[in-house]
Amino acid sequence: MVGDASSWSRALVKISPYTFSAVGIAVAIGVSVLGAAWGIYITGSSLIGAAIKAPRITSKNLISWSLNHLSVIFCEAVAIYGVIVAIILQTKLESVPSSSIYAPESLRAGYAIFASGIIVGFANLVCGLCVGIIGSSCALSDAQNSSLFVKILVIEIFGSALGLFGVIVGIIMSAQATWPSKV
Amino acid sequence: MYGFEALTFNIHGGYLEAIVRGHRAGLLTAADYNNLCQCETLDDIKMHLSATEYGPYLQNEPSPLHTTTIVEKCTLKLVDDYKHMLCQATEPLSTFLEYITYGHMIDNVVLIVTGTLHERDVQELLEKCHPLGMFDSIATLAVAQNMRELYRLVLVDTPLAPYFSECITSEDLDDMNIEIMRNTLYKAYLEDFYKFCQKLGGATAEIMSDLLAFEADRRAVNITINSIGTELTRDDRRKLYSNFGLLYPYGHEELAICEDIDQVRGAMEKYPPYQSIFAKLSYGESQMLDKAFYEEEVKRLCLAFEQQFHYAVFFAYMRLREQEIRNLMWISECVAQNQKSRVHDSVVFIF
């Protein structure tokens with residue numbers, strides 16, 4: 001199964017499972033936050049501009065927040081998913097004796113955490129973009145016609161559900177990560 | 001990257017796009033126009049406008065009002081909006097916004113040159129210029145005797161300079177030459193603007209090419225109608241049409257040989273979008289053509305707001321405001337001259 005000294009299959013097996021795990025965790029939170037930040041700036045720039053001529057879209061009244069902040073909160077939720085999954089993934093890391101680091105079970109655990117991180121990271125990236133763009137349209141249309149807001153918010157909720165799918169699959173996947181038990 | 005502007009457009013354009021949409025919400029509605037059409041005096045008009053975005057600009061104007069004051073103040077509001085957006089804009093939006101004013105610049109140059117030819121006072125002419133098309137050396141336009149001097153002395157420093165390459169002649173300026181110059185400049189300007197929009201790509205290119213093509217076609221029709229019965233030859237007329245648009249190239253060939261309005265109509269009715277415009281007019285009638293074209297333009301400009309993440313909204317907003325000011329001017333004139341029965345003749349409702 002393992003090829004020449006310089007082949008990809010050999011490299012993949014010889015990279016420490018801990019490296020894969022660490023990269024997976026980093027991607028889970030890093031890319032999620034990228035998606036959240038991207039979404040917030042898309043929404044935020046439109047929201048601020050639209051609020052100049054229609055201030056009501058950012059302040060319904062002094063006590064409660066405007067519904068338009070929901071767009072930003074949906075984007076923020078994407079970053080929170082990333083944080084949660086990164087925390088879950090890092091609890092999966094266990095130390096194993098150096099003799100069994102390259103055991104098949106260790107490799108499986110490493111790949112599982114890596115894949116889980118990739119799934120969550122990129123699912124949240126596109127989810128953040130989706131919510132951000134809809135949020136921007138939502139702010140602009142709310143400024144023109146306030147009856148449109150709720151209709152667009154429904155679309156936005158469905159958009160933000162996409163990120164949850166990634167989180168669910170990522171968590172199920174990371175359940176596969178079992179390291180060889182210490183003897 | 002077509003279809004992916006949504007990801008990056010808001011970095012530079014998001015804030016301003018939202019602002020321009022906010023301005024758009026301030027345009028007068030059909031209800032406002034209905035109220036304005038009921039007015040008996042110019043002070044009534046001022047009172048109705050005080051509830052709109054024009055309010056702050058008109059509130060300190062003493063009675064009796066004049067139509068010119070109303071138009072001047074409304075234009076001032078447009079110019080203020082424009083300057084505010086231009087200050088905030090970054091490349092390439094700032095260049096795009098500057099392109100919008102070049103049309104006014106051409107009109108101003110022509111206004112000054114024609115005025116000087118008829119020995120009018122320069123100061124008086126300057127007051128009539130559209131404020132969006134002003135540039136530093138505009139007052140010195142009056143000294144030029146022919147096209148070459150006009151170019152060398154004044155226009156070489158303005159953004160219009162590249163458009164002059166086609167019309168530098170040593171001929172003396174006369175009414176005919178000036179009109180040809182205006183159309184040649186406008187042709188070069190529209191083609192340049194068109195190319196610039198194509199370069200921007202994405203939804204901007206798509207929507208702007210539609211709007212500019214309509215503008216080019218409308219100018220082609222107007223040139224044809226205005227040159228019927230003049231000494232302009234067919235080839236010269238053909239040269240004034242812009243090299244893009246729905247009519248290019250076969251429609252232009254047909255328009256170039258038209259000799260009366262019904263032939264123009266025949267040529268235009270082959271194009272479905274224009275068929276509906278000409279269908280509104282009875283045979284042999286050309287007075288209502290302007291209004292029909294304006295209505296179609298307003299319809300297209302409003303559609304530009306249906307898409308997000310593109311620059312055409314800025315163009316559309318500026319044009320709609322200009323149309324609104326034309327409407328206000330017409331209504332005020334009708335009210336001032338007690339011609340209220342004609343008030344609906346030239347008003348184009350925007351929403």
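The analysis underlying the following values was restricted to heavy atoms, covering all of them including side chains, and did not include hydrogens, waters or symmetry mates. Chain A is the first sequence line, chain B the second, and so forth, proteins listed ahead of strands; every chain is numbered from 1.
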| message | Between B:Phe9 and chain A, with a heavy-atom cut-off of 4.5 Å, which part of the residue counts as in contact: side chain, backbone, both or neither? | response | neither
| query | Can you name the closest pair of heavy atoms from B:Ala18 and A:Ala50 and give their distance? | reply | CB-N, 3.2 Å
| request: Please identify each residue that fulfils ring pair (Phe, Tyr, Trp, His ring centres under 6.0 Å) with A:Tyr18, with sequence neighbours left out. | output: A:Trp179
| Per-residue contact mode, B:Ile11 against chain A (heavy atom under 4.5 angstrom) | both
| note | Turns out that what part of A:Ile48 lies under 4.5 Å from chain B's heavy atoms comes down to both
Below 3.5 Å only, please: all the donor-acceptor pairs between chain A and chain B, one per line.
from	atom 1	to	atom 2	distance (Å)
A:Trp38	NE1	B:Leu7	O	2.7
A:Tyr41	OH	B:Leu7	O	2.9
A:Ile42	O	B:Asn10	ND2	2.6
A:Ser45	OG	B:Asn10	ND2	3.3
A:Ser46	OG	B:Asn10	ND2	3.2
A:Ser136	OG	B:Gln308	NE2	2.7
A:Ser137	OG	B:Gln308	OE1	2.5
A:Gln144	OE1	B:Arg24	NH1	2.7
A:Gln144	NE2	B:Arg21	O	2.6

| field | chain B contact via A:Ile42 - which portion, at a heavy-atom distance below 4.5 Å | value | both
